[in-house]
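Notes for the one structure printed next.
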Amino acid sequence: MNAPQDKASFKPAYDVVGTRPVRPDGVEKVTGKAIYGTDHVAAGMLHGAILRSPHPHARIRSIDTRKAEALPGVKAVVTGADFPSLASLEVSLGEGSGNIAAISRNCMAHEKVLYDGHAVAAVAATSAVIAEEAAALIEVEYEVLPHVLTIDEALAPGAPVLHEDMFTKGLPEKPAEPSNAALCFTVGRGEPDAAIAAAHTVVSGRYSALAVHQGYIEPHACVASYNADGQVQVWASSQGAFMIRTLCASILGISQADIRVTPLEIGGGFGGKTKVYLEPVAIVLSRKSGRPVRLAMSRADVFRASGPAPGVVADITVGADADGTITGVVMEFKMLSGANPGNDTHSGAMSALAHYNVANCRVTGWDVLCNTAATAAYRAPGAPQTIFPVECCIDEIAQKLGLDPIDIRLKNAARPGDVGIMGMPAGEIGYAECLEAAKAHPHYSAPLGPNQGRGIAGGTWGNYGGPSTATVNLGEDGSVLVTTGSPDIGGSRAAMAMMAAETLEIAYEQVRVTIADTSSIGFSMLTGGSRTTFATGKAVILACEEIIATLRARAAVMWSIDVSQTEWRGGAVHCLSGDKAGTSLTMGQIAAKAGFSGGPIAAEVALNAQGFLPGFGVHICDTEVDPETGHVSVTRYTVVQDVGTAIHPDYVEGQMQGGAAQGIGWALNEGYVYDKAGRMDNPGFLDYRMPVCSDLPMIDTVMVEKPNPAHPFGVKGVGEVPIVPPLGAVANAVSRAIGLRVHDLPLTPDRVYAAMQGKS
Amino acid sequence: MPSPQFHSPETVEQASALLAANPQARVLAGGTDLIVQLRSRRIAPTAIVDIKRIAGMSGIRAADGGFAIGAATPCTALKDDKALAAAWPGVVEAANLIGSVQVRNRATMAGNLCNASPAADSVPALVAAGATVLIAGPSGQREVPAAEVTSGPGKNTLAHGEFVVEIRLPARPQGGGDAYLRSIPRTEMDIAVVGAGAALVLDASGTCTSARISIGAVAPTVLLVEAAGAALVGSKLDDAALERMAEAVRVAAKPIADKRGTVEYRIAMAGVLAKRVVEIARQRAEKA
Ligand SMILES: Cc1cc2nc3c(=O)[nH]c(=O)nc-3n(C[C@H](O)[C@H](O)[C@H](O)COP(=O)(O)OP(=O)(O)OC[C@H]3O[C@@H](n4cnc5c(N)ncnc54)[C@H](O)[C@@H]3O)c2cc1C
């Protein structure tokens, strides 16, 4: 890990914020005691199995479950008929809103199966082996329908339509016929066509990237227990226990107060655990069997049936002046969202040019459905796919005009006060500082060897705030218990403890953090969009400030003085007047006597955090391409990012490195592959090629800390931005190494080799 | 779905008798293919015969001036045998490209061979090296060239009740050198898109007196490309000879297109890798 650079220029001195203490959940995890999705056991628990469709598109004619039910040990079999037949109802969940009927049918098919792996029935039995055997005994009669896998197939005239009631939204008029285009969304300003026509230099191209999976190590898993009185408990690994509660309640028509969801430790999510897949099914199995039921996915299930990020095809034209000023951009992109309308089109369109100040632009996004798993959020959803073509075009303009690739980006960079594409002036954003830091980094001027090329790309993500609740309670000994409802996927418990300790002016070790179940704390939006350290952190800080106010009031009672005559300093209340002047009371001393001064000391803050700011990154990537095989090696990689204030720098750097690694995978070797029958052909880590350790160099990190004025310590959000630039950075590095551009990701050896053969 | 019976015999004869008694029985060595296939339900044997408890089945011993490698010897143990690693570095390296350290602590070359994947990494190296395989069965033992053990993807030529007890490598010839390389999109944990092995013998003047070139993942079985070897014999491995050798390899390669590579790419890479392994083998031969 690097030492943080250039910290002093922006940030006040803190005692705890910015240090690197051991994470509070670390020991439990490394000793194997932490309870993840499949570790939770309930008394009398049954094991579930799901039967999944082998067809990408088919009507379900009939389902015969008799043989499965007759198998000894089987306690319940359910199908779509056991779920309420819901009308369409939109629910908003932030990263992952959707239509309740569609979400329900994605958990368990009703009339049709829409992709290979779509759940059609489920079993609960006394052992996992029996459950799987029973699932195989269920007889489903399918009427196989023609399927579509690509954008061209999905939009072709006469293409089979997934949802007969789906008409493209966002067009001036409602279309006459249903189609696979769910949405058309355009943002823009100025006169982009005229600007491009008048431009000194114009570049254009069609770019594409495949659907990629979030690739979290822990497959989805949950246990549900339905009681005869209608009260339900769910234990699940996810990014949002409240998200599970909202969706299960809506899908199954249960009061939210009757569903208590306990978050378990989570082995990675990256946006992919912002949806329900198993939980409603486990509840229905438990209701039918009367016993708790565990459902868990295999890795193949995860690939086939849980959300990848959408693939994209984008046509782009960029015009620039002779000095590199970008004068006009027109881009039309199509996201391949899988079986249900996706969530990446708006964010993709709004992110595409958000890091540049472009006077004339038009970005049109289409949300296109096809017979593959319904997509889900993945780190900065939508932004990597739309920023990749932009960053490639800027690189080409720089090459045509003989400009330095960082200088051209600096010339066009969005800066504080610039009015963005949505008409809002930018706040304290740090893209220009990132570009300057990248230019100054020794990596940028290091010499390159033969067959090597260096690529630069920038990127951004809007980050998020939103609703969060936190409580802070004092033990009688003055120790501090922080409780939130935000699942910890990236070290947020450590960050919460640090922000509480900093606010209270006490040691980090004096604070412990718990993530509560949905019946034990007020609502928090799910952990996603890089919102938790910002929004939930703000709730923790404000609750700590309330605690300070309470402690001062209690001390004033104990000293019989007015509260104005007390001062909070160094984790204690100091007496400023009266006969106790000059003395102080520690938190422990006040807490021990709390019974005499007004009762337990606690605070709760529920807020809707506003004032979040986007993050920006600049990546420097060196690649070496084997001229005989087309094999691309990443030889050096540096991530520069405006992270706001880094609360725990290790976890900030870890996010930067992890996001970059995932983005490099997207650029080089990852991607969903289907066979002719429409079945996923690589549903495992052998042929779905995420980078392994030896594929990557040490990823160097530079944190640019430009604080967010809307957060007490300046937090912006970190986790999404780093997956955005790698697609462009790797593609630009390869194009400079081989002297030609490959527009389609991933840059697999055979594709790069074929491109090089075409050139020679 | 009853679980399979599990046997761990202690002699070759017991193992062979157990295999002969049940046509559905499967040999278990490292299990790194077998367990994966069981779990994914590609196979459903009714009995499993673990050969690791059989005396002498694990380990490497000197035999006839060369080496006899017990069928249950894990790949990592090959590296630890200094004499073997010095004599046949290509074979040892090929076996140690398989999977990860954890996989190689279990996986065996005999399992790699009997599993009969066209992309098996150790097999082209064994074939180039001229390895033979000792097979035991109800009617005694027989020795066959490694290239004859497989007959197609997932198919081997072992008769009912037979199993491999030993892989044999000759002594390294004077002026000999071998090598194996594979092409994969990543750097490890991948299946060969193409593999190529070479074993050469050079005389004191640097003239090639013997050359065996093998290729993997480009045909239903690993191929020994005799025309490729012939193109090198008598030459000093000059560019023209290497190109003739590579062309013979490309002609012999009859790959399929699948998710791991196109036909064109596999054919081209077979030629590229063949040249590269010959170069490494030449350097080793010159040092010998
Ligand atoms: C994560 C992972 C990565 C892998 N990577 C690679 C790779 O890079 N390259 C590669 O080539 N392979 C790879 N493999 C496949 C596998 O590890 C190798 O094929 C290995 O050499 C198999 O050896 P084993 O001892 O584990 O065989 P087992 O699984 O025990 O057996 C394999 C098959 O051969 C039969 N068999 C085993 N021994 C004998 C015998 N003595 N006589 C007769 N039949 C026998 C078994 O019945 C079975 O059908 C990988 C596997 C995994 C799980």
Checklist entry - Between B:Ser183 and chain A, which part of the residue has a heavy atom less than 4.5 Å away: side chain, backbone, both or neither? => result neither
Checklist outcome for this item: Under 4.5 Å to a heavy atom of chain A? For B:Leu273 that would be neither
Checklist entry - Which atoms form the tightest heavy-atom contact between A:Thr629 and B:Tyr265, and what is the distance? => result O-OH, 2.6 Å
Checklist entry - Which atom names give the shortest non-hydrogen contact between A:Pro749 and B:Pro185, and what distance separates them? => result CG-CA, 3.8 Å
Checklist entry - Is a donor on one side and an acceptor on the other found under 3.5 Å between the side chain of B:Arg186 and the backbone of A:Met690? => result yes
Checklist entry - Given the rule in the side-chain contact (heavy atoms from CB on, under 4.5 Å) test, do B:Arg260 and A:Leu686 qualify, once you have shown the distances and angles that lead to the verdict? => result CA-CA 10 Å; B:Arg260 294 180 187 142; A:Leu686 183 56; 4.1 Å; yes
Checklist entry - Got a sec: does the CG of B:Asp239 have more than 12 other heavy atoms crowding it under 6.0 Å? => result no
Checklist entry - Which distance, rounded to the nearest 0.5 Å, do you find between the CG of A:Asn669 and the CG of B:Asp190? => result 7.5 Å
Checklist outcome for this item: Okay, A:Tyr674 and chain B: the region with an atom under 4.5 Å from a heavy atom over there is neither
Item to check | CD (B:Glu226) with more than 12 external heavy atoms under 6.0 Å | outcome: no
Checklist entry - Would one find more than 12 heavy atoms of other residues, nucleotides or ligands at under 6.0 Å from atom CZ of B:Arg106? => result no
Item to check | When B:Asp258, B:Ile191, B:Val193 are compared by non-hydrogen pairs under 4.5 Å with chain A, the top option | outcome: B:Ile191
Checklist outcome for this item: CG (A:Leu696) and OG1 (B:Thr187) are apart, to the nearest 0.5 Å, by 8.0 Å
Next on the checklist: Looking at B:Lys259, I'd like to know if its NZ atom is crowded, meaning that more than 12 non-hydrogen atoms belonging to other residues, nucleotides or ligands lie closer than 6.0 Å.
Outcome noted: yes
Next on the checklist: So that I can tick it off, tell me whether A:Glu628 and B:Arg276 are bridged by a salt bridge, with the cut-off set at under 4.0 angstrom between side-chain N and carboxylate O.
Outcome noted: yes
Item to check | Rounded distance (nearest 0.5 Å) linking atom NE2 of A:His631 with atom CE of B:Met269 | outcome: 11.5 Å
Item to check | Among A:Thr748, A:Asp681, A:Val673, residue most engaged with chain B (heavy-atom pairs, under 4.5 Å) | outcome: A:Asp681
